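Working notes, beginning with the structure itself.
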There are 2 protein chains.
Amino acid sequence: MAPAAPRASKPQASVWLSGGARDGRRRKSSQQPVGLDHGKIVRTTVQLLDANGLQNFSMRRLAAELGVTPMSVYWYVDNKDDLLEYALDEVFAEIPLQAAETGGDWRDAVREFATSYRRTLATHPWASRLMGEYANVGPKSVAFSTAAHRVMRRSGLAPEHIPGALAAVYQFVYGYGTVEGRWTELCRSTGTSEDDLFREMAGAVRDRPEYGELGPIIDQRMEGPVAQYRERDFGFALECVIAGIEAMRGRAPHA
Amino acid sequence: MAPAAPRASKPQASVWLSGGARDGRRRKSSQQPVGLDHGKIVRTTVQLLDANGLQNFSMRRLAAELGVTPMSVYWYVDNKDDLLEYALDEVFAEIPLQAAETGGDWRDAVREFATSYRRTLATHPWASRLMGEYANVGPKSVAFSTAAHRVMRRSGLAPEHIPGALAAVYQFVYGYGTVEGRWTELCRSTGTSEDDLFREMAGAVRDRPEYGELGPIIDQRMEGPVAQYRERDFGFALECVIAGIEAMRGRAPHA
DNA sequence: ACCTGAACACCGTTCAAGT
DNA sequence: ACCTGAACACCGTTCAAGT
């Protein structure tokens with residue numbers, strides 16, 4: 001019954017709430033040879049996560065990759081959770097934010113943001129997982145949220161509706177990117193092509209009598225390459241959400 | 001560089017694709033005393049996951065809870081991943097599906113489904129995590145998808161747009177429910193009330209100069225209880241998506 | 001200041017054996 | 001058919017120690 005957590009004392013909500021990154025250790029170096037530092041550790045972490053996935057990442061593997069004893073890393077980072085939170089924030093830097101500045105159509109800016117965010121999620125499946133784990137209040141992550149917020153304010157929506165609209169867009173993209181990332185990871189780890197794996201899964205599902213109703217729909221999706229349907233569906237869904245925001249803008253503000 | 005996975009040989013895409021549950025072991029029992037079975041194992045797994053979370057779940061803890069040696073469980077289940085996939089499917093049974101049958105307004109049915117799905121996600125944060133991990137092709141899960149599909153077909157959307165519309169609704173709900181679950185879990189594990197934790201995080205974020213722009217927005221959100229804003233935002237976002245589907249229905253079908 | 005080594009309390013799972 | 005025991009190859013992390 002008692003949790004009896006094997007981890008450290010009391011869980012903190014986020015690294016960013018308890019002092020944040022402490023790279024400012026003054027790297028005089030020259031005394032000891034190794035040359036580790038916070039940035040290098042985080043960068044290598046991201047590399048390993050991209051290459052082998054979250055399941056195969058460990059502090060010991062990281063240390064090995066850095067050519068160092070497992071415990072060395074702990075001088076720069078309090079624990080594994082904190083390190084992963086740093087790595088997660090790093091990935092948000094990939095999303096370009098200029099579209100928030102140029103005063104163009106807010107819908108185009110939303111499309112741009114959504115597309116980049118989706119690509120980041122699909123490219124780094126581990127990040128998608130960690131976003132569901134941590135508070136997401138690192139600097140890069142907050143910069144993204146701020147920019148997204150700025151864009152949405154150009155939509156003409158009442159202020160109290162902005163958070164809801166943001167959720168409609170970005171929680172959708174998060175969900176979509178998450179399953180996309182899981183899917184490509186599955187293809188990679190089973191060594192199957194996207195289309196073959198889809199066919200395999202479709203076959204297994206269709207065999208079960210209780211799912212008969214989905215048969216025709218699945219068959220329809222097997223006509224073209226899966227990737228193409230993924231694009232089409234994402235595009236249509238995104239346009240739904242944007243059109244919905246516009247439609248809601250015209251309704252009574254305090255429904 | 002080489003993955004060198006510590007897990008079993010080659011990863012399978014899903015339990016449900018390789019024979020599925022094999023409870024039919026014929027439980028003559030009476031010879032050995034223990035009385036384990038597939039159902040009991042999965043139910044206990046769900047209980048433990050609800051009580052202690054995914055991080056604190058282990059095969060050894062499960063065995064202890066069942067009053068049994070760790071390896072006993074392996075007679076009923078191939079490995080931990082498979083067991084978690086069974087547990088995940090179980091949770092979909094919570095979502096009532098009648099709304100798909102009654103011929104009422106499709107928008108009301110979507111609202112019902114979205115609300116139940118959200119509640120399930122928020123109630124079982126571990127499930128939300130596992131949905132991002134597995135293929136989600138268990139019987140209960142597929143029953144839910146089928147029902148959701150049936151509802152969406154009543155929207156009047158062109159067939160090729162149904163999957164996109166489904167994604168807009170349910171990927172959004174998935175994202176929203178996921179962060180909700182993580183949030184309530186965080187509150188529980190840090191032993192802080194929702195509103196206190198929000199205040200704490202808001203304070204930490206506002207201290208950082210680069211985020212100045214978000215200050216007023218955050219302040220606005222601290223006026224009422226956080227839970228209330230969560231409801232408002234979810235509601236508005238869902239109405240956006242529904243309104244968007246209706247708006248798209250009127251546009252050129254093959255954009 | 002920066003890094004190592006040994007040790008602790010955990011994991012999931014294989015394999016051979018008991019009844 | 002069902003369950004146990006011992007063992008293997010891993011974990012994250014503490015703590016005391018080296019330079």
Side-chain angles (χ1 to χ4, degrees), chain A residues 2-12 15 22-41 45 48 52-85 87 133, chain B residues 2-12 15 22-41 45 48 52-85 87 133:
Chain A
R7 297 297 179 81
S9 49
K10 286 172 192 172
Q12 271 298 313
V15 222
R22 48 156 159 63
D23 191 16
R25 286 289 200 186
R26 59 172 60 222
R27 276 154 278 154
K28 294 189 177 187
S29 72
S30 80
Q31 292 172 329
Q32 259 67 24
V34 183
L36 231 45
D37 67 89
H38 189 89
K40 192 178 176 183
I41 288 173
T45 301
L48 285 178
N52 309 322
L54 188 55
Q55 302 257 9
N56 291 318
F57 176 82
S58 77
M59 296 301 271
R60 295 172 120 110
R61 297 250 255 239
L62 170 63
E65 183 74 19
L66 289 164
V68 113
T69 268
M71 287 315 298
S72 307
V73 179
Y74 282 85
W75 200 83
Y76 297 91
V77 141
D78 273 354
N79 52 52
K80 190 187 181 182
D81 275 339
D82 285 9
L83 174 56
L84 290 177
E85 215 175 339
E133 216 68 55
Chain B
R7 296 297 178 82
S9 51
K10 286 171 193 173
Q12 271 300 313
V15 222
R22 47 156 160 64
D23 191 17
R25 286 288 199 188
R26 58 173 59 223
R27 274 154 279 154
K28 295 189 175 187
S29 71
S30 79
Q31 293 172 325
Q32 258 68 25
V34 183
L36 231 44
D37 68 89
H38 189 89
K40 192 178 177 185
I41 288 174
T45 300
L48 285 178
N52 309 321
L54 189 54
Q55 302 258 7
N56 292 318
F57 177 82
S58 78
M59 297 300 272
R60 294 173 121 109
R61 298 249 255 239
L62 170 62
E65 183 74 19
L66 290 164
V68 113
T69 265
M71 287 314 299
S72 307
V73 179
Y74 282 86
W75 200 84
Y76 297 91
V77 142
D78 272 355
N79 52 51
K80 190 186 181 183
D81 275 341
D82 285 9
L83 174 55
L84 291 177
E85 216 174 338
E133 216 69 54

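Remember, predicted model here, so these are calculated numbers, not experimental data. Protein chains get the first letters and strands the later ones, always in sequence-line order, with residue 1 at the start of each.
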Provide, to the nearest angstrom, the distance between the [atom1] atom belonging to [X] and the [atom2] atom belonging to [N].
X       : N      : atom1 : atom2 : answer
A/Asn56 : C/dG12 : CG    : P     : 16 Å
A/Arg61 : D/dA9  : CZ    : P     : 15 Å
B/Trp75 : C/dG18 : CH2   : C1'   : 16 Å
B/Gln55 : D/dG12 : CD    : P     : 12 Å
B/Lys80 : D/dC10 : NZ    : C1'   : 13 Å
B/Phe57 : D/dC11 : CZ    : P     : 21 Å
A/Met71 : D/dC11 : CE    : C1'   : 13 Å
B/Asn79 : D/dA9  : CG    : P     : 20 Å

- [ ] Verify, without hydrogens or angle tests, whether B/Tyr76 (side chain) and B/Leu36 (backbone) share a donor-acceptor contact under 3.5 angstrom.
- [x]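 Side chain of B/Tyr76 to backbone of B/Leu36, a donor-acceptor pair under 3.5 Å: yes, one is there.
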Open item on the list: Looking at B/Ser72, is its backbone amide N or carbonyl O close enough to the side chain of B/Thr69 to form a donor-acceptor pair, meaning the two atoms are under 3.5 Å apart?
Closed with: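 No; judged by distance alone, with no hydrogens or angles, the pair does not exist.
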Any side-chain heavy atom of [X] within less than 4.5 Å of one from [Y]?
X       : Y       : result
A/Arg60 : A/Pro70 : yes
A/Leu84 : A/Leu54 : yes
A/Asn52 : A/Phe57 : no

Open item on the list: So, does A/Tyr74 get its side chain near the phosphate of C/dC3, meaning an N or O under 4.0 Å from OP1 or OP2?
Closed with: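 Checking C/dC3 against A/Tyr74, no side-chain N or O comes under 4.0 Å of OP1 or OP2.
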Open item on the list: Using OP1 and OP2 only, check whether a side-chain N or O of A/Ser58 sits under 4.0 Å from D/dC10.
Closed with: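 No, because none of the side-chain N or O atoms of A/Ser58 sits under 4.0 Å from OP1 or OP2 of D/dC10.
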Open item on the list: Please classify the nucleic acid contact of A/Met59 as base, sugar-phosphate, or nothing, using heavy-atom distances under 4.0 Å.
Closed with: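 Counting heavy atoms under 4.0 Å across all strands, the contact made by A/Met59 is with sugar-phosphate only.
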TODO: When you get a sec, tell me which of C/dC3, C/dT13, D/dC11 is the closest nucleotide to the side chain of A/Ser72?
DONE: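 My answer, after comparing the listed nucleotides, is C/dC3.
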Open item on the list: Tell me which nucleotide, if any, is Watson-Crick or G-U wobble paired with C/dT4 when both distances must be under 3.5 Å.
Closed with: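 Looking at the geometry, C/dT4 pairs with D/dA16.
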Open item on the list: I want to confirm an ordering. Mapping B/Arg60 and A/Thr69 to their closest nucleotides on DNA chain C, which one lands closer to the 5' end?
Closed with: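 Nearest nucleotide further toward 5': that of A/Thr69.
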